[in-house]
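Have a look at the structure below before the remarks.
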Protein chains: 4
Amino acid sequence: MKFMSDNAAAVHPDVWSAMLAADSADSPYDNDALSRELDAAFTQLFGRECAALWVATGTAANCLALAAMCAPHGAVVCHREAHIEVDEAGAPGFFMHGAKLILAEGAHAKLTPEAVAAVVEPIRDDVHQVQPYAVSITQASEYGCVYRPGELAALSGYVKERGLGLHVDGARFANAVAHLGCAPAEACAGADALSFGFVKNGGLGAEAIVFFDPEMAHVVRYRRKRAGHLQSKGRFMAAQILAMLDDGLWLTNARAANAAASEIAAAAGARLLHPVEANEVFLSVTAAERAALRAQGFEFYDWGADAARLVTAWDADGDHVAALAGAIEAL
Amino acid sequence: MKFMSDNAAAVHPDVWSAMLAADSADSPYDNDALSRELDAAFTQLFGRECAALWVATGTAANCLALAAMCAPHGAVVCHREAHIEVDEAGAPGFFMHGAKLILAEGAHAKLTPEAVAAVVEPIRDDVHQVQPYAVSITQASEYGCVYRPGELAALSGYVKERGLGLHVDGARFANAVAHLGCAPAEACAGADALSFGFVKNGGLGAEAIVFFDPEMAHVVRYRRKRAGHLQSKGRFMAAQILAMLDDGLWLTNARAANAAASEIAAAAGARLLHPVEANEVFLSVTAAERAALRAQGFEFYDWGADAARLVTAWDADGDHVAALAGAIEAL
Amino acid sequence: MKFMSDNAAAVHPDVWSAMLAADSADSPYDNDALSRELDAAFTQLFGRECAALWVATGTAANCLALAAMCAPHGAVVCHREAHIEVDEAGAPGFFMHGAKLILAEGAHAKLTPEAVAAVVEPIRDDVHQVQPYAVSITQASEYGCVYRPGELAALSGYVKERGLGLHVDGARFANAVAHLGCAPAEACAGADALSFGFVKNGGLGAEAIVFFDPEMAHVVRYRRKRAGHLQSKGRFMAAQILAMLDDGLWLTNARAANAAASEIAAAAGARLLHPVEANEVFLSVTAAERAALRAQGFEFYDWGADAARLVTAWDADGDHVAALAGAIEAL
Amino acid sequence: MKFMSDNAAAVHPDVWSAMLAADSADSPYDNDALSRELDAAFTQLFGRECAALWVATGTAANCLALAAMCAPHGAVVCHREAHIEVDEAGAPGFFMHGAKLILAEGAHAKLTPEAVAAVVEPIRDDVHQVQPYAVSITQASEYGCVYRPGELAALSGYVKERGLGLHVDGARFANAVAHLGCAPAEACAGADALSFGFVKNGGLGAEAIVFFDPEMAHVVRYRRKRAGHLQSKGRFMAAQILAMLDDGLWLTNARAANAAASEIAAAAGARLLHPVEANEVFLSVTAAERAALRAQGFEFYDWGADAARLVTAWDADGDHVAALAGAIEAL
């Protein structure tokens, strides 16, 4: 019974169908009919003009977006536990040619205007110090917590006032939108670019970088190729994304994952280390308790010495979830 | 009737089957059972210890391999018409952090020891000049021509004597082996690293970087992630490659593509600009002749003012090939 | 009465003399007779084989040294207030091609083995996380505090055990040696490379990068040129450094600067924020007190809201120092 | 009798005086009074608003200027024998974060609009190919030849029409202006940035980067520091440059160097490989002839198998020059 990572979840049957259907010879790279539909599909989804590019990974999506927003001699502010800081092997430094990440604090891996200001305001505007160009937040956050529209408004207000760009790492953007029950545009209001994740949510290997200023996408088309991310059979990348957007599959899947996490959260009660607003559950559990859970067949990651991370996916098995909830309650 | 690019060819049914079969939850990234088979699979194929990593594109394969062989302040020698120089959007400069490509000449886009020496020997060993670290050749070359084992021996002899590394861009390595009828190891003898292409030959989006010194792969595992090329559902990458290696599918496919090109070449006779040794045919044809061919439904690229490039793929339609051969003969 | 920065101090007359004496035509770059003496001069000073290169700035010295010790996909551990993190405009990211600085804590801007371990040990050795390659410390530290030989032994013991490199930013190395009264080699024991500063201590525009493994200098010779730091009239760079080393001028100057700082420190008593072990004094003083000092003609930097930094130099004016000491006492 | 390189020439006494005079404590970096005069000094010299920054070397000047004009994924067109291509150790790739140099041909190391077009026009505007951002020329060229105002007008006309930037490497700009006898602005008409060299012409270690669009200098101020090129005692850098500009010393010196070269050229007659328009003489001389010259005490560089390069400087000794002219005539 796997609760390790949504990265390991299955590919949704509709995604497979779309990929198989895309397998007629077409123009290579992103000149195929499906890739050419992406801009319109996201424009419709967000209710404003967008430009969208597929890439294979969230790391590529994040870092190509950030490189479009930050000069090599600049910096991006992010949370100390942001994926770009902790889990991307230094990719931001690579794609941004040495630009820096400035680390800010915040409960539940979320940033506030105050938290950003606390690291930005002390920077003297002189040539000895690296100047900030952008802020990157994660929606839902690395602890499965979701920014409310009001929080986004406050944050992007400060960000814009300082003349910075705003990037949203949306590896679990679908889960955030499912939780908020709002329009997708509201869940990333103020963003200049969004890394919209599909792989954890039923896709195979395609994420979208969505630019809300389509002009910003221009340079990224060159940079995507330069980073070896322009796949020659791009039609299969676009097919995945379009299948996920079709009929709201992305939202349906995210709701399923969230519901499973909620069921576990309800059982966990006071053990919860963070509010469960997406598909991740962080539990306070001793080593002995973790061993007990594993003995019952549950797989998950340790999270430091006294905690565990449990992740649900779109294809969570209801019986497994119920069993886990029961097991946690019984600890 | 498409003869534009093997990039646009279909995915082989066995590759699809293998991918579908891989869709049970497994460990993410390259910790899955299939990815862990890769080293052994290539070790067997090449009859010597190899380490192999999947990546989505040939550009990523080439540039990650080169970055493992060349310091940021160094240079890689390649042919003036090498794919890494002409068609990768500056990716070598990106992955190698500013290292240089030094361009050498040679008929049919192939390098000789003399051609390499002509650009390497004039370099003074002083700090003002960029020092060479490696040589990259393409097998089969950008003009569809194949290095013979003797040619490779001469070239790698010089390369080793100069203390340089040797990289082989094998986007069409399968076609080269099919043409030579030799063991795979003989078709890249002397290489330190091979970009082994599968996408043009029936794959969907997976190439292999094969290191003949497994130690070299170590740093590349970090760099692959840093470049955003470590896909989380890596099992589908490995599945494609293993399906291509299984039962020699890669060779069967390449033979089919080569045979189609040979049939066209036989019809083209004196119009051939390069020997046809793989799956590409470069023809001397006027604009009017190209128009005539297109009027009959054949699609292909112009190659400058007086030539055309025609590419066949593993799934070449026999009727289309025969029709094209006839049409060329009738010009 | 200037106590802003030793950066602004005068050039020592012996340095001027040496420069003027060097102005006969000689070979350009570092092929002149003086530059060729550097290795031997530092070998003698440190009592072990060294290779030494001149560069114009401490930033260049630090970053060229670090780039020789850390791969582009790696990281260097330094103090949160290290000059390389705070005041070098992102130069480490530039010279190291995107490698990261990992920030550690420690009183008086000094690192301990525990402080380094606290940031290094949590790093998982997997490809998602940036791996440490080296540790950089500052001797004397950014707060004018000095590592004792025993502290260096403990730190370098841990560093070597972890297989890391050790770099010493010695912008004020002379002041540290003057304070310790030990052999120069003891003041940087365990270091692989030392940025040995002269500009703040009577030089004009020359610092030395000293490698205790001369082999490490090889690649840096190429990288120095690649960074535009190989001056064509290098004889003037070497002349400065040799003049500073001659007859212990570097130590004489540093002692003078330290003595001035000690005199101020003695007057400051409980106002001192850090022990005064070099030529910097950090004082707890209110805005009103700072205004009072400035009204008497003393120039210095504010250090946050309630403190000031006062720096003495080799050419500190005894009357000014006495006046400042008196003024502080009288506050 | 040294004719190796103007790099090895002496520092002009006025430059020494200015440096010595600058040695009163002042603000560090470029906040001193002299550095703040630079913009105005060059504005007056060129008769239009300029922003100017000092750096220690021509390589730094060239590459900081180019990095302000070319994105990391772009390219700069230069002559195959340009200093930035041949003699800067890959610095352009470093400062421009992997951007490419595209090599064009041209007699006497000069570019024409046709030569630039020959390499620029074939570049397809698609993401697979590196797009040009700027053109860099050298005035006087690497063969000591000078662009006439009409040549510059034609070249910059094409460059602007293509939307590219124009950089002038003016390591020997003074010699070019001296030869042309025109206003400095005419000798670099159409340029966006000029690396104005002083070191070969009587300076010690200071060159100027002059931006004709002052706005372009903004980002370079940060990048100069990031490259370790912001010297803390910057007053000595500015002092050198201002001394060279004062009373036209730069022009006086260049005229002296040019006159010496002309005297040699007159003696060399048909042996000249390039017109002598600055301070470099390229001679057709056999190995035996070179040996004969050296036997008489003349020092110079071989230039391939059958030629020599002789360089004169501002402080050329009249007797040495006459002796050399005589010796060449007598060959």
Side-chain angles (χ1 to χ4, degrees), chain B residues 5 7 57-60 62-63 66-67 70-78 80-105 118-119 121-133 142 171 227 301-305 307 309, chain D residues 5 7 57-60 62-63 66-67 70-78 80-105 118-119 121-133 142 171 227 301-305 307 309:
Chain B
S5 174
N7 270 341
T57 66
T59 294
N62 288 338
C63 294
L66 290 173
C70 179
H73 59 284
V76 171
V77 178
C78 69
R80 174 175 307 284
E81 307 198 53
H83 197 266
I84 56 173
E85 162 65 11
V86 176
D87 278 311
E88 299 192 351
F94 179 48
F95 281 80
M96 296 195 292
H97 303 102
K100 221 169 135 168
L101 297 183
I102 296 177
L103 306 182
E105 311 286 343
V119 295
E121 298 305 330
I123 297 172
R124 301 187 310 273
D125 183 17
D126 76 33
V127 301
H128 298 264
Q129 302 215 311
V130 180
Q131 305 300 311
Y133 276 71
E142 283 74 10
Y301 279 109
D302 284 355
W303 203 259
R309 187 188 79 161
Chain D
S5 174
N7 270 339
T57 66
T59 295
N62 288 337
C63 295
L66 290 174
C70 179
H73 60 283
V76 171
V77 178
C78 68
R80 172 176 307 286
E81 307 197 53
H83 198 265
I84 55 173
E85 162 65 11
V86 175
D87 278 312
E88 299 193 350
F94 178 48
F95 281 81
M96 295 195 293
H97 302 102
K100 219 170 137 166
L101 297 184
I102 297 176
L103 307 182
E105 313 285 344
V119 296
E121 298 304 330
I123 296 172
R124 302 187 309 273
D125 183 17
D126 75 34
V127 300
H128 298 264
Q129 301 215 312
V130 180
Q131 305 298 310
Y133 276 70
E142 283 74 9
Y301 280 109
D302 285 354
W303 204 260
R309 187 189 77 161

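The chains referred to below are lettered A, B, ... by the order of the sequence lines, with proteins before strands, and numbering in each begins at 1.
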D:Met96 vs D:Leu101 side-chain heavy atoms within contact, under 4.5 Å: yes

Restricting to ring-ring contact (aromatic ring centres under 6.0 Å, His included), what partner residues turn up for D:Phe95, sequence neighbours left out? C:Phe94

Within the 4.5 Å heavy-atom criterion, are D:Ser5 and D:Arg309 side-chain neighbours or not? yes

Hey, which of D:Val130, D:Val127, D:Asp87 has the most heavy atom pairs under 4.5 Å with chain B? D:Asp87

Under 4.5 Å to a heavy atom of chain B? For D:Val86 that would be both

Looking at chain B, which one of D:Gly74, D:Gly93, D:Pro72, D:Ala89 has the largest number of heavy-atom pairs inside 4.5 Å, strictly under? D:Ala89

Between D:His83 and D:Glu142, is a side-chain hydrogen bond (donor to acceptor under 3.5 Å, both in side chains) present by the stated rule, with each step listed? CA-CA 7 Å; D:His83 198 265; D:Glu142 283 74 9; 6.0 Å; no

Any salt bridge (charged side-chain N to carboxylate O under 4.0 Å, His left out) involving residues 94-105 of chain D? Give me the pairs, sequence neighbours left out, ordered by first then second residue. B:Glu85-D:Lys100, D:Arg80-D:Glu105

Toward chain B, the part of D:Gln129 with a non-hydrogen atom under 4.5 Å: both

Heavy-atom pairs under 4.5 Å with chain D are the metric here; pick the option from B:Gly304, B:Gly98, B:Pro122, B:Pro92 that has the most. B:Gly98

